[in-house]
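What follows is a set of notes on a single structure, which appears directly below.
Ligands are counted one by one from 1 in listed order, and the atoms in each one are counted from 1 as well. Start at 1 with the first residue, then count along the sequence.
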Amino acid sequence: MMPIGPLMIEHRLIERMIDVMKEELLLIEKEKKVDPEFIETAVDFIRTYADRCHHGKEEDILFRDLGGKKLTDEHKRTMEELVEEHRWGRKITVRLVEANAKYFQGNKESISAIMDCIRTLIEFYPKHIEKEDKRFFIPCMDYFTDSEKDAMLKEEWEFDKNLIHEKYRNIVIAAEKILTAKKL
Ligand SMILES: [Fe+2]
Ligand SMILES: [Fe+2]
């Protein structure tokens with residue numbers, strides 16, 4: 001398998017979650033209320049899977065190695081756009097978390113901010129994925145030898161293997177901090 005294989009498979013799961021978010025947005029519009037637990041689940045998916053696991057492999061492995069190649073101007077520009085889009089997606093997710101927290105605390109007005117963020121994310125991801133799938137990933141494989149591609153794929157498996165440990169280590173660190181704050 002080429003190193004873009006796992007990344008393209010991951011795109012399909014992200015699209016499925018985006019489809020669920022689309023349906024959820026329609027429900028919010030219809031019922032004029034938010035299910036904060038769904039938003040938490042969506043945020044966890046976006047942060048842990050779409051951003052840390054997926055964008056993490058793109059940026060820390062594929063884009064890093066492409067950075068060592070003599071890219072065409074078009075590929076260089078596209079790669080910069082993709083990194084910028086990842087950053088932008090993170091900012092929207094922070095906004096969604098904040099709006100959801102406000103909603104949970106009783107501020108029902110933040111429903112419009114929640115809807116805006118979901119709308120933005122469901123427009124953003126398909127376009128970003130299409131740019132990578134259709135215009136970037138496949139031509140970029142030509143910059144690498146077979147052994148370079150194999151090494152990237154191995155590094156991707158390693159990256160994934162460490163993620164579950166990283167996620168739960170961070171959860172414990174956060175829980176320890178909350179406990180310390182409670183005892184003060
Ligand atoms: Fe990406
Ligand atoms: Fe991607």
Give me the atom names and distance for the closest heavy-atom approach of Val34 to Tyr103.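 Closest heavy-atom pair between Val34 and Tyr103: N-OH, 3.0 Å.
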
Under 2.8 Å from the Fe ion (ligand 1), which protein N, O or S atoms do you find? Ignore water molecules. Glu58 OE1, His86 NE2, His128 NE2, Glu132 OE2

For His11, the N, O or S atom at the shortest distance from the Fe ion (ligand 2) is NE2

Shared ILVMFWY cluster between Met115 and Ile18, side chains joined below 4.5 angstrom?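 As far as the 4.5 Å side-chain criterion goes, Ile18 and Met115 are connected within one cluster.
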
Pairs touching residues 32-41 that satisfy salt bridge (Lys or Arg N to Asp or Glu O under 4.0 Å), sequence neighbours left out: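 Residue pairs with at least one partner in residues 32-41: Glu31-Lys33.
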
Between the side chains of His75 and Tyr143, is a donor N or O closer than 3.5 angstrom to an acceptor N or O?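 Tyr143 and His75 do have a side-chain donor-acceptor pair below 3.5 Å.
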
The residue among His86, Glu59, His11 that forms side-chain hydrogen bond (donor to acceptor under 3.5 Å, both in side chains) with His54 is His11

If you count heavy atoms of other groups shown closer than 6.0 angstrom to NZ of Lys167, is the number above 12? yes

